[in-house]
Every structure is written in C-alpha cells, then in structure tokens.
Amino acid sequence: MNIIITGAGRGLGYELTAEALKRGHGVIAGVRRPDQDQTALSQLTETYGDKLTVAALDVTDEAGIAALAASLQKQGRTLGAIINNAAVLSARDTSIETLDFQDMLTTMDINLYGPMRVVKHFLPLLTESECSIINVSSEAGSMTNAYPNDYPYGISKTALNMFSQQLHVYVKERGIQVLSVHPGWMHTDMGGAEAPTNPNQSAEGILDLIEKRTTPEGHFMFVDYTGKDMKI
C-alpha cells in the first residue's frame with residue numbers, strides 16, 4: 001500500500017517510514033522543510049528509490065496540504081494509510097498559574113488541527129483496500145489517568161482521541177480503520193534519554209495494526225502500539 005506519514009524526518013516518524021519501506025510499502029514522507037538536512041531520509045531513498053517520496057508537508061499550512069493532495073491525485077496516486085505523527089510537546093511541567101496561552105494555541109494547531117487538516121484533504125485519496133487512519137496519540141490524553149501541568153500536550157491528545165472516535169463513526173461503513181495510538185514512552189528527542197521504548201519497536205507495532213496483523217477489539221479507538229485498549 002501507499003502510506004503518507006507526517007513528521008517523518010526524525011523520531012517515530014522516521015522509524016515508521018523505514019519500517020513501512022522495509023515491508024514493501026510506498027511512503028510519502030511529509031516534512032516541514034525538505035530543503036533542510038534530511039540525511040536519514042536521503043539514505044532511505046538510496047536504498048528504496050522511488051518507493052519513497054519526500055514531500056513538503058507542514059500540518060499548520062492548509063493551503064500547502066491541499067496542494068500536495070491535489071498533486072498526488074493528479075499523478076493518480078492512491079493511499080492505503082494516513083499516519084498523523086507530527087506533534088509538539090511544549091510547556092512541560094508548567095503550572096496553570098504560569099501557563100503561556102501561546103503554547104496552548106500552537107500545540108492545538110499542530111497536534112489537533114494538523115491531523116484534521118491532513119484527513120480533510122487526503123481522505124479522498126484513501127481508496128486502497130484495508131485502509132487505515134492512525135492518529136499518534138499519548139497516554140497523556142487519557143481522562144481516567146489525567147495528571148496536571150502538561151496542559152497543552154495532554155489536552156490536545158484528549159481532543160485528538162475524540163476526533164479519532166468521530167472519524168471512526170464517519171468512515172466505518174467504508175471499511176476504513178481509525179485508531180488513536182499511544183506509541184509508548186519512547187527514546188526520542190521528545191521522549192528523552194530515559195524513555196524505555198525503542199521507537200522502532202513502536203513503529204513495528206503500528207505497522208502491524210495497519211496491516212491487520214493485530215486487531216483491536218475494544219469499543220473505543222484508543223489503543224497502544226500492541227493493540228491493547230487504553231483507558232479513555
């Protein structure tokens with residue numbers, strides 16, 4: 001299948017790109033600035049050739065997203081999966097008394113409205129069999145296990161889970177799988193050096209979900225990368 005991945009230049013996004021290519025899928029790797037250093041993706045291009053397309057994709061730029069979708073449609077490209085991976089983590093451990101609401105606005109724009117923009121414009125291309133939309137979420141988005149201080153990130157991921165549930169209801173009769181996936185606490189720039197999960201392990205689990213090797217059975221569409229239900 002063909003898979004579009006946002007935030008593909010590093011961390012989990014890069015690992016998802018590498019794992020998808022390894023499994024024989026075509027990948028459109030969305031990065032904000034393809035003109036900047038993309039050494040890791042360039043190495044993948046050397047290995048996989050035209051199976052990998054590196055494309056400018058800023059999830060805050062709706063006009064740019066629409067233009068990319070139109071360009072792919074004109075080329076006759078179809079999609080089997082959309083992975084909304086791009087996200088930011090700001091105002092970490094910040095109390096409500098000191099919270100800068102610009103951090104809230106920026107985080108919601110990227111973590112929630114970004115995936116909504118991507119789905120809005122790429123859903124018409126999602127026409128291959130056994131299609132999936134994967135929204136990379138977080139345990140921080142669980143209302144059951146809510147904790148204070150990570151307000152922008154946690155609230156944006158809770159809202160993303162709601163969007164996933166709404167989208168699931170909207171497209172289920174088309175046979176499209178929609179999941180919000182907690183990828184684990186990963187050893188990435190965002191997760192930090194103490195994180196226990198290798199992002200490649202998470203990428204493998206997410207690709208298993210896309211390929212239906214793992215089938216979640218819960219009522220809500222919020223799972224971890226192994227397909228296990230997360231508490232809403």
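- Within the 4.5 Å cutoff, the side chain of Arg32 has no heavy atoms near those of the Leu57 side chain.
- Taking both residues in full, the closest heavy atoms of Val31 and Gly9 are given as CG1-N, 3.5 Å, listed atom of the first, atom of the second, then distance.
- The heavy-atom pair separating Val171 from Val178 by the smallest distance is CG2-CG2, 3.6 Å.
- With hydrophobic clusters built from ILVMFWY side chains whose heavy atoms lie under 4.5 angstrom apart, Met1 shares a cluster with Ile134.
- Grouping Ile, Leu, Val, Met, Phe, Trp and Tyr residues whose side-chain heavy atoms lie under 4.5 Å apart, directly or via other members, leaves Leu105 alone, with no other cluster members.
- Asn149 and Asp93 are not linked by any side-chain donor-acceptor pair at a separation below 3.5 angstrom, with hydrogens and angles left out of the test.
- Leu160 and Ile232 fall into different hydrophobic clusters, where Ile, Leu, Val, Met, Phe, Trp and Tyr side chains are chained together by heavy-atom contacts under 4.5 Å.
- Listed by chain and number, the residues in a side chain to side chain contact (heavy atoms under 4.5 Å, CB included) with Lys51 are Leu21, Tyr48 (sequence neighbours excluded).
- The CD atom of Gln43 sits 6.5 Å away from the OH atom of Tyr14 when rounded to the nearest 0.5 Å.
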- Message: Applying side-chain contact (heavy atoms from CB on, under 4.5 Å) to Ser132 and Lys212, what does each step give before you reach the verdict?
- Response: CA-CA 9 Å; Ser132 295; Lys212 310 294 176 63; 4.0 Å; yes
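- Taking every heavy atom of both residues into account, Ile210 and Ala81 meet most closely at CG2-CB, 4.0 Å.
- Taking 4.5 Å as the limit, some side-chain heavy atom of Met104 sits within range of a side-chain heavy atom of Pro152.
- Using a 4.5 Å cut-off on side-chain heavy atoms (C-beta onward), Ile3 and Leu79 make no contact.
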- Message: As a quick check of understanding, evaluate side-chain contact (heavy atoms from CB on, under 4.5 Å) for His182 and Val223, giving each step before the final call.
- Response: CA-CA 6 Å; His182 167 53; Val223 299; over 6 Å; no
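- Residues Glu204 and Tyr225 have side chains that never bring a donor and an acceptor to within less than 3.5 angstrom of each other.
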- Item | Pair Leu44-Val27, side-chain contact (heavy atoms from CB on, under 4.5 Å): steps then yes or no | CA-CA 11 Å; Leu44 289 179; Val27 177; over 6 Å; no
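- At distances below 3.5 Å, at least one donor-acceptor pair connects side-chain atoms of Asp224 with backbone N or O atoms of Lys228.
- Under the 3.5 Å distance criterion, with hydrogens and angles disregarded, no donor-acceptor pair is assigned to the side chains of Glu46 and Ser42.
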- Message: Apply side-chain contact (heavy atoms from CB on, under 4.5 Å) to residues Glu62 and His121 and explain how you reach the verdict.
- Response: CA-CA 9 Å; Glu62 185 170 359; His121 293 285; 2.9 Å; yes
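- In terms of heavy-atom proximity, Thr158 sits nearest to Ser142 at OG1-N, 4.5 Å.
- There is a side-chain donor-acceptor pair under 3.5 Å between Ser137 and Asn161.
- The side-chain heavy atoms of Tyr153 and Lys157, taken from C-beta on, include a pair separated by under 4.5 Å.
- Summarising the geometry, atom CG belonging to Leu125 is positioned 7.0 Å from atom CZ belonging to Phe122; distances are rounded to the nearest 0.5 Å.
- Atoms CD and CD, on Gln201 and Glu15 in that order, are 11.5 Å from each other to the nearest 0.5 Å.
- Interatomic distance, Ile5 CD1 to Leu16 CG, rounded to the nearest 0.5 Å: 5.0 Å.
- A search for side chain to side chain contact (heavy atoms under 4.5 Å, CB included) contacts involving Thr215 returns nothing, not counting sequence neighbours.
- Not a single donor-acceptor pair under 3.5 Å links the side chain of Ser71 to the backbone N or O of Leu68.
- Of the possible donor and acceptor atoms, none in the side chain of Ser202 sits under 3.5 Å from a partner among the backbone N and O of Asn198.
- Heavy-atom contacts from other residues, nucleotides or ligands closer than 6.0 Å to CD of Gln36 number more than 12.
- A donor-acceptor contact shorter than 3.5 Å links the side chain of Ser138 to the backbone of Ala140.
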Could you go through residues 110-118 and list every donor-acceptor pair under 3.5 Å that involves a side-chain atom there, pairing it with any protein atom two or more places apart or in another chain?
unit_1: Asn111; atom_1: OD1; unit_2: Val88; atom_2: N; d: 2.9
unit_1: Asn111; atom_1: ND2; unit_2: Val88; atom_2: O; d: 3.0
unit_1: Asn111; atom_1: ND2; unit_2: Ser156; atom_2: OG; d: 3.1
unit_1: Arg117; atom_1: NH1; unit_2: Val59; atom_2: O; d: 2.9
unit_1: Arg117; atom_1: NH1; unit_2: Asp109; atom_2: O; d: 3.1
unit_1: Arg117; atom_1: NH1; unit_2: Asp109; atom_2: OD1; d: 3.1
unit_1: Arg117; atom_1: NH2; unit_2: Asp109; atom_2: OD1; d: 2.5

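- With hydrogens and angles left out, the side-chain atoms of His25 and Glu19 include no donor and acceptor closer than 3.5 Å.
- You'll find the side chain of Leu52 reaches within 4.5 Å of the side chain of Val54, heavy atoms only.
- At a threshold of 4.5 Å between non-hydrogen side-chain atoms, the residues Phe222 and Val181 do not count as touching.
- Counting heavy atoms from C-beta outward, Leu179 and Asn135 have side chains that stay 4.5 Å or more apart.
- Residues Tyr151 and Phe101 fall within the same hydrophobic cluster, defined by Ile, Leu, Val, Met, Phe, Trp and Tyr side chains chained together at heavy-atom separations under 4.5 Å.
- Between Ile176 and Ile133 there is a side-chain heavy-atom pair separated by less than 4.5 Å.
- For Thr214 and Asp208, the side-chain atoms include no donor-acceptor pair closer than 3.5 Å.
- Residues Thr127 and Thr78 bring no donor and acceptor atom of their side chains to less than 3.5 Å of each other.
- Around atom CE of Met162, no more than 12 heavy atoms belonging to other residues, nucleotides or ligands sit under 6.0 Å away.
- Contacts of Lys74 classified as side chain to side chain contact (heavy atoms under 4.5 Å, CB included), with partners at least two apart in sequence or in another chain: none.
- Atom CE of Met221 sits about 8.5 Å away from atom CD of Gln177, to the nearest 0.5 Å.
- Considering every non-hydrogen atom in both Leu12 and Ala203, the closest pair reads CD1-N, 4.0 Å.
- For the atom pair Gln102 CD and Thr107 OG1, the distance stands at 9.5 Å (nearest 0.5 Å).
- Salt-bridge formation is not detected for the pair Glu139/Lys231: no Lys NZ or Arg NE/NH1/NH2 atom is positioned less than 4.0 Å from an Asp or Glu carboxylate oxygen.
- Take Arg77 and apply the side chain to side chain contact (heavy atoms under 4.5 Å, CB included) test, not counting sequence neighbours, and it matches Ile28, Thr53, Leu72, Gln75.
- Ile206 and Phe220 are assigned to two separate hydrophobic clusters, defined by single-linkage of ILVMFWY side chains at heavy-atom distances under 4.5 Å.
- Of all heavy-atom pairs spanning Ala159 and Met108, the tightest one is CB-CE, 4.4 Å.
- Put simply, the side chain of Thr106 never gets that close to the backbone of Asp103: no donor and acceptor are under 3.5 Å apart.
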